[in-house]
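Worksheet: one structure, shown below.
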Amino acid sequence: MRIATWNVNSVKARMPRLLAWLQDRQPDVVLMQETKSTDAAWPAAEFAALGYESAHYGDGRWNGVAALSRVGLDDVTRALPGQPTFDGALESRALGVTAAGFRLWSLYVPNGRALDHPHYAYKLEFLAAVQRQAAAELRELPRDAAPFALLGDFNVAPTDQDVWDVAEFVGRTHVSAPERQALEQLAQGTGSVESSLPELMPRASADVDDQRHPYTFWEHRMLGFPKGRGMRIDLVLANAAFRGRVGDVWVDRDARRGQGASDHAPVVIDLD
DNA sequence: ATGTCGTGCAAAGCACGA
C-alpha cells in the first residue's frame, strides 16, 4: 500500500507530469492540494483511465483539495466542521476520505502571509479546526484500530532544521512559535508525532542536502530549487495504527526537477 | 531582495497569491 501527498500547484498545468508520475510510482492513494480547479473542470475521466476513483473539492482559481484512490474511496467530507472563513468565504482547503479502511485528510493550511496579517490569525484558526475534527474522528475510531492520518501542505516548518536558513525567517510565518504550537497540538491530537520523521526516510535521494531533514518545497522564485533553498512543510501526522504499518517515508525529489514541475515534491508513504 | 510560476479577466497586459 502506497499513499502520497502532493501540492500539485494547479492540476491542469501539472496534468502531463502528474499522469506520468502516477504510472511510474504507482501510488494506491494520492492526496492533493492546490488543484486550482473547479469540481466541473476536475479531470476525473483521465484519472479513471489509470484506475483511480477521485474526489475533488475546489473553488476554481485558488486552493482546491482532492483524493485519488484505486483501493476504494468512501465517506467523502468536504471542508472541516466549523472551518473558519476568510473575507467571508469558506475556502476549499480540507477533504476527508476513507480508502481501504484508512481515514485520511488532504489539507491545504492557509499560508498566513505575515505575522500581523489577518491571514495569519486565519491560519491558526484553521489549524484549531483541524485539531477539533481530528480529535472528534479519533474518538469514534475503535480503540485506535483504524489508521488515521492528516496529510498535506501545512505551511509550517516543524523545526529550525526544516528551513534552508533560519536567519531568513526571523519575524516571518511558517516558523513562529504559535504555528509550531498548533502543529504540536495536532500531533498530540493524533496520538502521534509526525510520521515523516528523519529516521523513517532511508530512501531519501542520494543528493538530498540534508537527509535528516529533507525538504518538500522550494520556491519557484529566486531559483529556490537549484540553490537548495527549501522547506519541509508537507507533513504526515498519523495515529499509532497508521504508524505501525509505515515501512518507509520519502520525498520524491525527481518530481521537483526540470520543466513543468510544481514547487512542491510529493511525500510518499509505503505501508506494510 | 525577489531572478518564477499559475490563474482569471478581458484583452496579449495586469493583478493576485505563493
Side-chain angles (χ1 to χ4, degrees), chain A residues 5-21 31-43 46 56-66 83-94 106-127 151-158 162-176 179 182-183 215-235 251-267:
Chain A
T5 180
W6 192 6
N7 179 323
V8 295
N9 188 6
S10 170
V11 72
K12 184 181 175 186
R14 213 62 57 219
M15 210 51 182
R17 285 187 65 139
L18 179 52
L19 293 174
W21 181 84
L31 290 309
M32 282 185 231
Q33 303 85 36
E34 274 204 277
T35 64
K36 298 183 176 178
S37 182
T38 60
D39 292 345
W42 176 249
E46 291 180 75
H56 177 260
Y57 172 37
D59 294 334
R61 188 175 187 184
W62 308 117
N63 314 308
V65 280
Q83 182 177 314
T85 58
F86 189 72
D87 280 346
L90 179 65
E91 298 182 316
S92 51
R93 294 178 175 275
S106 177
L107 301 172
Y108 176 45
V109 175
N111 175 284
R113 300 182 188 170
L115 298 183
D116 59 355
H117 195 285
H119 212 256
Y120 179 74
Y122 171 52
K123 180 180 195 173
L124 295 178
E125 291 166 13
F126 184 92
L127 286 166
L151 307 96
D153 177 1
F154 284 76
N155 270 316
V156 180
D162 296 316
V163 295
W164 61 275
D165 181 2
V166 70
E168 290 282 334
F169 288 85
V170 172
R172 291 172 55 190
T173 61
H174 293 62
V175 302
S176 73
E179 291 166 83
L183 196 64
Y215 301 140
T216 64
F217 164 81
W218 300 258
E219 280 199 336
H220 277 133
R221 280 177 295 190
M222 296 301 297
L223 308 173
F225 188 65
K227 292 185 176 180
R229 301 181 180 194
M231 305 172 73
R232 188 170 70 98
I233 56 176
D234 298 272
L235 307 172
V251 177
D252 192 353
R253 279 168 66 103
D254 287 341
R256 181 63 181 81
R257 297 180 207 283
Q259 291 296 310
S262 170
D263 41 8
H264 294 253
V267 176

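Keep in mind it's a predicted model, so treat the numbers as computed, not measured. Letters go in sequence order (proteins before strands), and every chain restarts at 1.
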Legend entry - Length of the CD-P vector between A:E34 and B:dA18, whole Å: 7 Å
Legend entry - side chain to side chain contact (heavy atoms under 4.5 Å, CB included) partners for A:T216, two or more places apart: A:R232, A:I233, A:D234, A:V251, A:V267
Inset, instruction - List in chain and number order the residues that pass side chain to side chain contact (heavy atoms under 4.5 Å, CB included) with A:L223, two or more places apart in sequence or in another chain; answer none if no residue qualifies. - result: A:P226, A:K227
Inset, instruction - Examine B:dG6: is either OP1 or OP2 under 4.0 Å from a nitrogen or oxygen in the side chain of A:R14? Give yes or no. - result: yes
Legend entry - Whether A:W164 and A:F169 hold their rings parallel, tilted or perpendicular, with breakpoints at 30° and 60°: perpendicular
Inset, instruction - Please identify each residue that fulfils salt bridge (charged side-chain N to carboxylate O under 4.0 Å, His left out) with A:E34, with sequence neighbours left out. - result: none
Inset, instruction - Using the test salt bridge (charged side-chain N to carboxylate O under 4.0 Å, His left out), find all partners of A:D39 that sit at least two apart in sequence or belong to another chain. - result: A:R78
Legend entry - Salt bridge A:K123-A:E179, side-chain N to carboxylate O under 4.0 Å: yes
Any protein N or O atoms within reach of nucleotides 8-16 of chain B? Criterion: under 3.5 Å, listing atom names and distances.
from, atom 1, to, atom 2, distance (Å)
B:dG8, O4', A:R61, NE, 3.4

Legend entry - Chi class for B:dA11: syn within 90° of 0, otherwise anti: anti
Inset, instruction - Kindly point out which of B:dA1, B:dT4, B:dG6 is positioned nearest to the side chain of A:R229? - result: B:dA1
Legend entry - DNA chain B contacts made by residues 106-115 of chain A, counting heavy atoms under 4.0 Å: A:Y108, A:N111, A:R113
